[in-house]
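First the structure, in the form of structure tokens, and then the observations on it.
Atom set for the values below is all heavy atoms of this structure, side chains included, hydrogens, waters and symmetry mates excluded. Each residue takes its place number in the sequence, starting with 1.
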Amino acid sequence: QVQLVDSGGGLVQAGGSLRLSCAASGRTTSSYTMAWFRQAPGKEREFVAARSGSLTRYADSVRGRFTISRDNAKNTVYLQMNSLKPDDTAVYYCAAGSRGVVVGQERYDYWGQGTQVTVSS
């Protein structure tokens, strides 16, 4: 079993930056694909970014602005978010899976509780 705890969300002005963290416990996640998803009010949860080893994948809407990284020694994955826009407002969820760097949320087995990101215009 893997437990994931998301943190780092908050309120930021458009153009600003935030770094989200996802701390894993229970077992090492170095062999897992780690990903971030988000869900805006009234919308379905959507893929944001994923990483497995040096392989990364990003949604078109965040590519060039967001960076996913991981510190295996700390069993933690990060999402650095720059040039934030009001459309980035959502609850962000960390996820872990073992089925490759994929975008489908059904491919991920473990989920964090979510952290709210609000971007004001």
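Between Gln113 and Asp6 there is a side-chain heavy-atom pair separated by less than 4.5 Å. Contact of the Gln105 side chain with the Trp111 side chain is registered, since non-hydrogen atoms from C-beta on lie closer than 4.5 Å. Residues Arg57 and Ile68 fail the side-chain proximity criterion, which asks for heavy atoms closer than 4.5 Å. Using a 4.5 Å heavy-atom threshold, the side chains of Val119 and Met81 count as separate. Using a 4.5 Å heavy-atom threshold, the side chains of Ser21 and Lys74 count as separate. The shortest side-chain heavy-atom distance between Glu46 and Val103 does not fall under the 4.5 Å cut-off.
In the hydrophobic clustering of this structure, Tyr93 does not group with Tyr110; members are Ile, Leu, Val, Met, Phe, Trp, Tyr whose side-chain heavy atoms approach within less than 4.5 Å, directly or through other members. Val48 and Val77 fall within a single hydrophobic cluster, where Ile, Leu, Val, Met, Phe, Trp and Tyr are joined by side-chain heavy atoms under 4.5 Å apart, directly or via other members. In the hydrophobic clustering of this structure, Leu18 groups with Met34; members are Ile, Leu, Val, Met, Phe, Trp, Tyr whose side-chain heavy atoms approach within less than 4.5 Å, directly or through other members. The cluster map of Ile, Leu, Val, Met, Phe, Trp and Tyr, joined by side-chain heavy atoms under 4.5 Å apart, puts Leu4 and Val102 in different clusters. Tyr108 and Val2 are not part of a single hydrophobic cluster, where members link through side-chain heavy atoms under 4.5 Å apart.
In the displayed structure, Gln13 atom CD is contacted under 6.0 Å by at most 12 heavy atoms of other residues, nucleotides or ligands.
The distance from the CG atom of Asn75 to the SG atom of Cys22 is 9.0 Å, given to the nearest 0.5 Å. Annotation: the span from Arg70 atom CZ to Tyr32 atom OH amounts to 11.0 Å, rounded to 0.5 Å. In this structure, CD in Gln39 is found 8.0 Å from CD in Glu44, a value given to the nearest 0.5 Å. The distance from the CZ atom of Phe47 to the OH atom of Tyr58 is 9.0 Å, given to the nearest 0.5 Å. Atom OG of Ser17 is separated from atom CZ of Phe66 by 9.5 Å, given to the nearest 0.5 angstrom.
Each of Val12, Leu84, Leu11 was evaluated against Thr118; a single residue qualifies, Leu11, per the side-chain contact (heavy atoms from CB on, under 4.5 Å) test.
Judged by the 6.0 Å distance and 45° axis criteria, Arg19 is positioned over the aromatic ring of Tyr78.
Across every non-hydrogen atom of Gly8 and Thr115, the tightest pair is N-OG1, 4.0 Å. Heavy-atom minimum distance, Ser61 versus Arg38: OG-NH2, 3.4 Å. The two residues Ala50 and Thr33 have their closest heavy-atom pair at CB-CG2, 4.1 Å. The heavy-atom pair separating Leu79 from Ala49 by the smallest distance is CD1-CB, 4.3 Å. What you find for Ser121 and Pro86 is that their closest heavy atoms are CB-CG, 3.9 Å.
Ion pairing of Lys85 with Asp88 is absent here, as no side-chain N (NZ or NE/NH1/NH2) approaches a carboxylate O to less than 4.0 Å.
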